[in-house]
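Down below is the structure, laid out as structure tokens.
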Number of protein chains: 2
Amino acid sequence: MGKKSDITKAKLVDTAKALFLERGFDGLKMQELADKAYINKGLLHYYFKSKEALFQAVFQEAMENLFGGVAEELLSDHAIETKMHVIIDLYFDRLSANPGLPIFVLSEIHKNPTLNGLINLGDVAPMLMSAISSQMDKPEEIESFLHLVLSVVSLCVFPFAARPLLSQLIGDVNKFEAFVEKRRGYVKNISTHLISEL
Amino acid sequence: MGKKSDITKAKLVDTAKALFLERGFDGLKMQELADKAYINKGLLHYYFKSKEALFQAVFQEAMENLFGGVAEELLSDHAIETKMHVIIDLYFDRLSANPGLPIFVLSEIHKNPTLNGLINLGDVAPMLMSAISSQMDKPEEIESFLHLVLSVVSLCVFPFAARPLLSQLIGDVNKFEAFVEKRRGYVKNISTHLISEL
DNA sequence: GTCTATATTTCGATAGAC
DNA sequence: GTCTATCGAAATATAGAC
């Protein structure tokens, strides 16, 4: 550890993360990646044998970044309202730091549904579902709870997925962050109402 | 009209719509498009001088399909609750018929924010905003109304944007349509609660 | 590890016969 | 209009010197 080559690889992976999230798998070209990482294409293939191998590393981390901790919180012993507030904070924190995450993940899965199985969403989905199911007994209650979780996630994630449009709607790109911070409180507030609908 | 060549062009455009929505601008290759439209690349460039020209036609229609009628409904003389219900039905109807629409539009705008200006969103955004603003007098009320509209749109659109994930969460891809139909009523119901928060 | 050079394929687009 | 043939550029990936 601490070797110069580690720095090179780390810079490569960081650059790949940023560029894949910006352009998607098809949009990013290895040449640009090499340039922005201050290396050349040869070295690039030394660290990752193919574009797909590099992409999968980036995509897997993105998935974990987007879904990690949610199932755990749903399975916790917190009150439902607390759970929702924790999840809301979790999403607003992460997405404020990384707004391109949702569009990247959703778009790549849309274009290549195989990613669903390849990555460990094969674990995440059943985990989430069992987390949701374990909250309730009857099938009807399970479905209601699923609607609640989906609503909360929708309200948190969608503004980031639609960020360019929303920025233009607000009129000033710089106001987006401020708007989103206000929205965090708004979503927390209405999550309470959604719970009382259960 | 009614000429054989019109049929050829129509089939080309239809195929382009389907494939661009499936793979995005970078993901779709002209060769595959020509094959699936049962023509060749030469003829393809006869109808559209470049890939970009063809894409813009498809994208513009997608934008209209995704946003058309919303501002008009917001500007109508309906009661707020009616407006929201109309918009909810509008989105669930359109997206059930064309589930790939949101991810396509949001992803392409994300990758190329210039599309924001190129297409007539330059019209749509101020139009939407003025539609929202015209509902209320004070700035505070305008922002509240914006939150309401954003919430309703989020609840309608997000399940389609996350369709592959949601399908897996439900367990059966075939159940997605049924789930979404139930969700239409759920969203209408909570839209009423959101309005009372104004 | 890191580089240059190159192999190989595929891309978007054009030329020109019919 | 529709086709075949092909151009030139750009793509991913590999080979081999250092």
Side-chain angles (χ1 to χ4, degrees), chain A residues 1-60 62 104 107-108 111-112 114-115 118, chain B residues 1-62 104 107-108 111-112 114-115 118-119:
Chain A
M1 51 175 63
K3 292 196 299 282
K4 201 169 175 183
S5 59
D6 289 341
I7 298 179
T8 302
K9 182 170 183 179
K11 179 155 51 186
L12 167 60
V13 172
D14 279 355
T15 309
K17 271 189 228 168
L19 290 180
F20 269 130
L21 260 72
E22 207 175 302
R23 310 204 197 297
F25 177 80
D26 298 309
L28 173 60
K29 307 304 174 181
M30 301 296 260
Q31 183 62 62
E32 182 185 1
L33 176 55
D35 293 344
K36 298 250 168 92
Y38 299 101
I39 59 176
N40 51 69
K41 287 188 286 180
L43 189 53
L44 209 162
H45 281 89
Y46 167 78
Y47 283 112
F48 295 90
K49 79 174 198 302
S50 71
K51 185 183 182 182
E52 281 197 348
L54 175 53
F55 174 80
Q56 288 218 5
V58 170
F59 183 78
Q60 179 146 2
F104 170 69
S107 168
E108 294 301 327
K111 286 184 293 186
N112 181 11
T114 309
L115 288 175
L118 272 182
Chain B
M1 53 175 59
K3 292 196 298 283
K4 201 170 175 181
S5 58
D6 288 341
I7 299 179
T8 303
K9 183 171 182 178
K11 178 154 54 188
L12 167 59
V13 172
D14 279 355
T15 309
K17 271 188 227 168
L19 289 180
F20 269 131
L21 260 74
E22 206 175 301
R23 312 206 196 296
F25 177 80
D26 298 310
L28 173 61
K29 309 302 176 182
M30 300 297 259
Q31 183 62 63
E32 182 185 3
L33 174 55
D35 293 343
K36 297 252 168 89
Y38 300 101
I39 58 177
N40 53 70
K41 283 190 289 181
L43 189 53
L44 207 161
H45 281 89
Y46 167 78
Y47 283 112
F48 294 89
K49 77 174 201 301
S50 70
K51 185 183 183 183
E52 259 117 12
L54 176 53
F55 174 80
Q56 289 218 4
V58 170
F59 184 78
Q60 180 146 2
E61 190 184 316
F104 170 69
S107 169
E108 294 302 325
K111 286 185 291 185
N112 180 11
T114 310
L115 290 175
L118 273 182
I119 311 294

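It should be emphasised that the depicted structure is a prediction, and the values quoted were computed from it without experimental measurement. Chain letters run A, B, ... following the sequence lines, proteins first and then strands; every chain starts at 1.
- Not one side-chain nitrogen or oxygen of His45(A) sits closer than 4.0 Å to the OP1 or OP2 atom of dT14(D).
- For the pair Leu54(A) CG and dT12(D) P, the interatomic distance rounds to 11 Å; values are reported in whole Å.
- With respect to the salt-bridge test (charged N to carboxylate O, under 4.0 angstrom), the residues Lys17(B) and Asp14(B) qualify.
- Taking atom CD of Gln31(A) as the reference point, atom P of dT4(C) lies 11 Å away to the nearest angstrom.
- The residue Leu28(B) sits close only to the backbone: its heavy atoms come under 4.0 Å of sugar-phosphate atoms, none of a base.
- In terms of phosphate contacts, Lys29(A) brings no side-chain nitrogen or oxygen within less than 4.0 Å of OP1 or OP2 of dA11(D).
- No side-chain N or O of Glu108(B) forms a donor-acceptor pair with one of Asn112(B) less than 3.5 Å apart.
- Nearest to the side-chain atoms of Met30(A) among the listed nucleotides dT12(D), dC11(C), dT14(C) stands dT12(D).
- Under 4.0 angstrom from either OP1 or OP2 of dT2(C) there lies no side-chain N or O belonging to Tyr46(A).
- Nucleotide dT4(D) holds its C1' atom 15 Å from the CG atom of Leu44(B), rounded to whole Å.
- Nucleotide dA10(D) holds its P atom 18 Å from the CG atom of Leu33(A), rounded to whole Å.
- Phosphate proximity of dC3(D) to Asn40(B): present, with a side-chain N or O under 4.0 Å from OP1 or OP2.
- The side chain of Lys41(B) lies closest to dA13(C) when the candidates are dT2(C), dA13(C), dA13(D).
- Ring centroids of Phe104(B) and Phe20(B) are separated by 6.0 Å or more, keeping the two rings apart.
- For the pair Phe25(B) CZ and dC11(C) P, the interatomic distance rounds to 13 Å; values are reported in whole Å.
- Residue Asp35(A) contributes atom CG, which lies 12 Å from atom P of dT12(D) at whole-angstrom precision.
- Atom CG of Leu43(A) is separated from atom C1' of dA13(D) by 14 Å (rounded to the nearest Å).
- Applying the side chain to side chain donor-acceptor pair (under 3.5 Å) rule to Lys51(A) yields no partners; only residues at least two apart in sequence or on another chain are considered.
- Nearest to the side chain of Ser50(A), among dT2(D), dG12(C), dA13(D), sits dA13(D).
- Taking atom NZ on Lys49(B) and atom P on dA15(C), their separation rounds to 15 Å, with Å as the unit.
- In terms of heavy atoms, Glu22(A) sits closest to Lys111(B) at O-CG, 3.5 Å.
- The side chain of Lys51(B) lies closest to dG12(C) when the candidates are dG12(C), dG1(D), dC3(D).
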